[in-house]
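Below is one structure, written out as structure tokens, with a few remarks after it.
When a residue number appears, it is its place in the shown sequence, counting from 1.
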Amino acid sequence: MSKPIAHQAKLTNTQLGKMVKAHQKGTTWLSIVSTLVFAGGPTAPAGVVTALASALAGSPNSLIAAYYSGKHAYHVSVYASGKKPSLSKITYIYITLSQIFHLEAFVN
């Protein structure tokens, strides 16, 4: 079953570095995502910030390893109910050296 995409974006290695350094200073993932990922840029549908922060908190070591190995991260949040709009989101994070053009292929 495919789910509609609520938000998708790339986190560059530079962004990952800022996020890792903020986390190492004790900043929460929710604060990191709110200020470093979405501040001053496009707004995300309700629930995306929380879903992304939760996904990052679940595997911080992979994010740290991605940063130190020069990789980027792509994240895509889908509507958990399978219907748009919905407040509940599921976020997938893909860490890679390659550029991903269509995240839809990973969630559909």
Side-chain angles (χ1 to χ4, degrees):
M1 176 175 111
S2 64
K3 298 180 187 291
I5 293 175
H7 180 79
Q8 60 183 337
K10 174 183 180 180
L11 296 171
T12 66
N13 187 262
T14 301
Q15 287 174 298
L16 293 181
K18 290 177 182 178
M19 294 168 72
V20 166
K21 290 172 186 170
H23 178 67
Q24 290 171 339
K25 290 180 181 177
T27 307
T28 66
W29 287 112
L30 186 58
S31 179
I32 290 169
V33 170
S34 296
T35 58
L36 294 178
V37 178
F38 291 105
T43 57
V48 170
V49 173
T50 305
L52 179 56
S54 178
L56 291 171
S59 59
N61 291 336
S62 63
L63 185 73
I64 293 166
Y67 167 61
Y68 286 111
S69 63
K71 295 180 179 177
H72 307 289
Y74 294 83
H75 62 94
V76 58
S77 295
V78 298
Y79 293 100
S81 67
K83 295 181 181 178
K84 181 180 176 180
S86 169
L87 289 178
S88 298
K89 311 291 185 299
I90 300 170
T91 296
Y92 301 95
I93 300 173
Y94 302 97
I95 296 172
T96 181
L97 283 170
S98 304
Q99 187 169 357
I100 298 175
F101 293 101
H102 300 287
L103 288 172
E104 291 88 353
F106 291 98
V107 296
N108 289 328

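- With hydrogens and angles ignored, the 3.5 Å screen pairs a side-chain donor or acceptor of His72 with a backbone N or O of Asn13.
- The shortest heavy-atom contact between Gly70 and Leu97 is O-CD2, 3.6 Å.
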What donor-acceptor contacts under 3.5 angstrom involve side-chain atoms of residues 59-66, with partners at least two apart or in another chain?
residue	atom	partner	partner atom	Å
Ser59	OG	Ser62	OG	3.3
Ser62	OG	Ser59	O	2.8

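- A distance of 14.0 Å separates CG in Leu52 from OH in Tyr92, rounded to the nearest 0.5 Å.
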With side chain to side chain contact (heavy atoms under 4.5 Å, CB included) as the criterion, how do His7 and His75 come out once you've worked through the C-alpha distance, each side chain's angles and the decisive distance to 0.1 Å?
CA-CA 8 Å; His7 180 79; His75 62 94; 3.6 Å; yes

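- In this structure, OG in Ser31 is found 8.0 Å from CG in Leu36, a value given to the nearest 0.5 Å.
- Interatomic distance, Ile32 CD1 to Lys25 NZ, rounded to the nearest 0.5 Å: 10.5 Å.
- Between Lys89 and Tyr79 the shortest side-chain heavy-atom distance falls below 4.5 Å.
- Between Leu56 and Met19, some side-chain heavy-atom pair lies under the 4.5 Å cut-off.
- Annotation: Lys21, atom NZ; neighbour count of heavy atoms from other residues, nucleotides and ligands within 6.0 Å does not exceed 12.
- A search for side chain to side chain contact (heavy atoms under 4.5 Å, CB included) contacts involving Ser69 returns Lys71, not counting sequence neighbours.
- Residues in residues 15-34 take part in these ring-ring contact (aromatic ring centres under 6.0 Å, His included) pairs, two or more places apart or across chains: His23-Trp29.
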Begin from the C-alpha positions of Tyr74 and Ile93 and carry the test side chain to side chain contact (heavy atoms under 4.5 Å, CB included) through to its verdict.
CA-CA 6 Å; Tyr74 294 83; Ile93 300 173; over 6 Å; no

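- Panel note: side chain Ser54, backbone Thr50; no donor-acceptor pair is recorded below 3.5 Å.
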